[in-house]
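Below is one structure, written out as structure tokens; comments come after it.
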There are 2 protein chains.
Amino acid sequence: MTISSQLATIPLFEGLTDSQYDQLSKIIVSRKYDRGQTIFSEGDEATGFFVVAEGTVKIFKLSMDGKEQILHIFGPGEPFAEVAVFTGSTFPAHAEALKKSTFFFVPRKEFISLIHENPSMAMNMMASMSMRLKKFAMMIEDLSLKEVPNRLAAHFLYLSAQNNDSKEFQLNISKSQLASLMGTVPETLSRILSRMSSQNFVSIHGSKITVHDSSGLRALADGETKLG
Amino acid sequence: MTISSQLATIPLFEGLTDSQYDQLSKIIVSRKYDRGQTIFSEGDEATGFFVVAEGTVKIFKLSMDGKEQILHIFGPGEPFAEVAVFTGSTFPAHAEALKKSTFFFVPRKEFISLIHENPSMAMNMMASMSMRLKKFAMMIEDLSLKEVPNRLAAHFLYLSAQNNDSKEFQLNISKSQLASLMGTVPETLSRILSRMSSQNFVSIHGSKITVHDSSGLRALADGETKLG
DNA sequence: CGCTGCGTTGAGCTTCTTCAACGATCGTGG
DNA sequence: CCACGATCGTTGAAGAAGCTCAACGCAGCG
């Protein structure tokens, strides 16, 4: 598969002309990373942004004493670190490959001039940023106003929705990573999972989650009930 | 002062031609609100976004049992609820005037066509959204990885920087509102303020804050120390 | 086979919230 | 201009939620 044909499947680049795809494929660099490899660290000089071609990446913050808070986990087709294109010149968080992955690197300057020539790409970009703002607002709301079990319930419903509303799905990340995504530590997550399964909301076998009481989860997620 | 001349002072609208200002001033509606008045609620139909002309607005989320988390406080020149222009059609949070205020309402459709004709406005918009993404990322980091005293220290340093690095400044919001902005409750904030002042980091007289030990605050904000 | 990373469990502790009471302050209408 | 009520802010005591530390089982992999 050529780079140019892969680009067409990326929402951010929808609506470009063929010649623009060619142009884009000339300025884009493809980079490969192994599982666990750092893509960039907070504060690093940023000369452009990335798009996931294959694999997954986690974007995260670190506290002084090493605890991490995951901000995003991105998969194929999703751009990351675009913020660095528009504000300042350093990356605002850390990025690490969660598995063997390939990312496209898009240099800042070239991208900006492309935007100027193509309003629909600007619109795509703004739509993508808006969705992230919304997601962040939700995370802030959750962290501040909800407790861990409620956040976890919401996350399970989200994952279920991602999987065609299936009652059964796999966690695509380790439980430690899930803990970090929920803004807590592995021990707390483990205890909550066992409470959830002993109360028959879900059952857990390794990384396979089976939802038994989705309306119960919904009530939890909305903060209407508490996990006893 | 005409609307058109006010528009020129708004960063989002920088770089427009005179005729575009005229055009903009024709589609914009000016609205007045009293202190405490609701501008919109989460879930309301959104047909456009706002820019603060005068006064201040708080954007916030509410939990089931009524606790609020403030996401932003915006003053003159700052746009809000632009997210609604690009995703979905409902407001993702609540907005309320903190004092007697005037806001410009910009209808969605007209604004979008203006963007298409003017790439520099798209760039302005993306710059503004990027800054907010960065701010949100910081809030998430703080909520998840830092304790309230550390967040408060960071906020004081931020306010001090806003005031030409003056050691003395006024809180522009009530302490209850500050508590909500810090993701806590008034009681906790009050206790922390008294600890901070008894340890001579700052002194507090009403809403006037005086910083005595800015390097101490810095260490707190960066999570290097704890408030005893 | 042992090592290393992940997950689980227990115990104790810190931080923050909740509930309740009270004092201060502000704005407003009389 | 004062008095009143309402909101805001402070303080105390008790309790909940989540974190830390430590130990241990288990799996995968060299």
Side-chain angles (χ1 to χ4, degrees), chain A residues 34-36 58 63-70 96 98-99 142-153 170-198 203-209 220 223 225-228, chain B residues 34-37 58 63-70 96 98-100 142-153 170-198 203-209 220 223 225-228:
Chain A
D34 284 330
R35 173 192 150 93
K58 80 170 173 196
S63 74
M64 270 290 137
D65 50 345
K67 191 184 163 192
E68 82 173 24
Q69 166 70 43
I70 296 180
E96 185 187 311
L98 282 181
K99 44 178 127 165
D142 285 357
L143 282 172
S144 151
L145 303 176
K146 292 182 188 163
E147 299 171 352
V148 185
N150 307 268
R151 306 206 279 271
L152 189 59
Q170 299 279 133
L171 293 176
N172 45 353
I173 51 177
S174 75
K175 290 185 185 169
S176 305
Q177 298 288 295
L178 179 59
S180 166
L181 189 60
M182 297 290 101
T184 186
V185 292
E187 294 94 320
T188 299
L189 179 72
S190 177
R191 290 181 232 276
I192 290 170
L193 283 177
S194 71
R195 276 200 282 159
M196 275 192 168
S197 74
S198 75
S203 54
I204 290 128
H205 296 98
S207 74
K208 195 186 76 192
I209 310 290
L220 266 178
T225 55
K226 283 198 167 196
L227 187 62
Chain B
D34 283 331
R35 172 193 153 94
Q37 199 178 341
K58 79 170 172 196
S63 73
M64 271 289 137
D65 51 345
K67 191 183 164 194
E68 83 173 25
Q69 166 69 45
I70 296 179
E96 184 187 311
L98 282 181
K99 44 178 126 163
K100 213 177 227 296
D142 286 355
L143 282 172
S144 151
L145 303 176
K146 293 182 188 164
E147 298 171 351
V148 185
N150 306 269
R151 305 207 278 272
L152 188 60
Q170 298 280 133
L171 293 176
N172 43 353
I173 51 176
S174 75
K175 290 185 185 168
S176 306
Q177 300 287 298
L178 179 60
S180 166
L181 189 61
M182 297 291 100
T184 187
V185 293
E187 294 95 320
T188 299
L189 179 72
S190 177
R191 290 183 231 274
I192 291 170
L193 283 177
S194 71
R195 276 199 283 158
M196 275 192 167
S197 75
S198 76
S203 52
I204 290 129
H205 296 99
S207 72
K208 194 187 78 192
I209 310 290
L220 266 178
T225 56
K226 284 197 168 197
L227 188 61

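We name chains A, B, ... by the order of the sequence lines, and we start the count at 1 in each one.
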Can you find a pair of side-chain heavy atoms, one from A/Leu220 and one from A/Leu152, that are under 4.5 Å apart? no
Categorize B/Lys146 for me: base, sugar-phosphate, or nothing, with a 4.0 angstrom heavy-atom threshold over every strand shown. nothing
Atom CG of A/Leu178 to atom C1' of C/dC6: distance rounded to whole Å? 14 Å
Nearest atoms (heavy-atom pairs only) where A/Arg195 meets A/Gly228: NH1-O, 3.2 Å
Whole-Å distance, B/Ile209 CD1 to D/dG9 C1', equals 13 Å
Expressed as a whole number of angstroms, how long is the span from A/Gln69:CD to D/dC19:P? 11 Å
Considering non-hydrogen atoms only, spot the tightest contact between A/Ala179 and A/Pro186 and give its length. CB-N, 3.7 Å
In whole angstroms, the gap separating P of C/dC16 from CD of B/Glu147 amounts to 5 Å
If you compare every side-chain N and O of A/Lys226 against the phosphate oxygens of D/dA16 (OP1, OP2), does one of them come in below 4.0 Å? no
Of A/Ser144 and A/Ser174, the one whose closest DNA chain C nucleotide lies more 5': A/Ser174
Check whether any side-chain N or O of B/Thr184 sits under 3.5 Å from a backbone N or O of B/Leu189 as a donor-acceptor pair, and report yes or no. no
Using a strict heavy-atom distance below 4.0 Å, which residues from residues 182-198 of chain A are in contact with DNA chain D? A/Gly183, A/Thr184, A/Val185, A/Glu187, A/Thr188, A/Arg191
Do the side chains of A/Gln177 and A/Leu98 get nearer than 4.5 Å, heavy atoms only? yes
In whole angstroms, how far is the P atom of D/dG18 from the CG atom of A/Leu152? 11 Å
Quick one, B/Lys67 with B/Val185, criterion side-chain contact (heavy atoms from CB on, under 4.5 Å). Give me CA distance, side-chain angles, the key distance, then yes/no. CA-CA 9 Å; B/Lys67 191 183 164 194; B/Val185 293; 4.0 Å; yes
For the residue pair B/Leu143 and B/Gly183, what are the closest heavy atoms and their distance? CD2-CA, 4.2 Å
Check the distance between D/dC26's C1' and A/Ile204's CD1 and give it to me in whole angstrom. 18 Å
Given that A/Pro149 and B/Ser176 both sit by DNA chain D, which one's nearest nucleotide is further toward the 5' end? B/Ser176
Between C/dT17 atom C1' and A/Leu145 atom CG, what is the distance in whole Å? 13 Å
Counting only side-chain N and O atoms of B/Lys67, is one of them less than 4.0 Å from OP1 or OP2 of C/dT18? no
A/Lys175 NZ to D/dA27 P, straight-line distance once rounded to whole Å: 13 Å
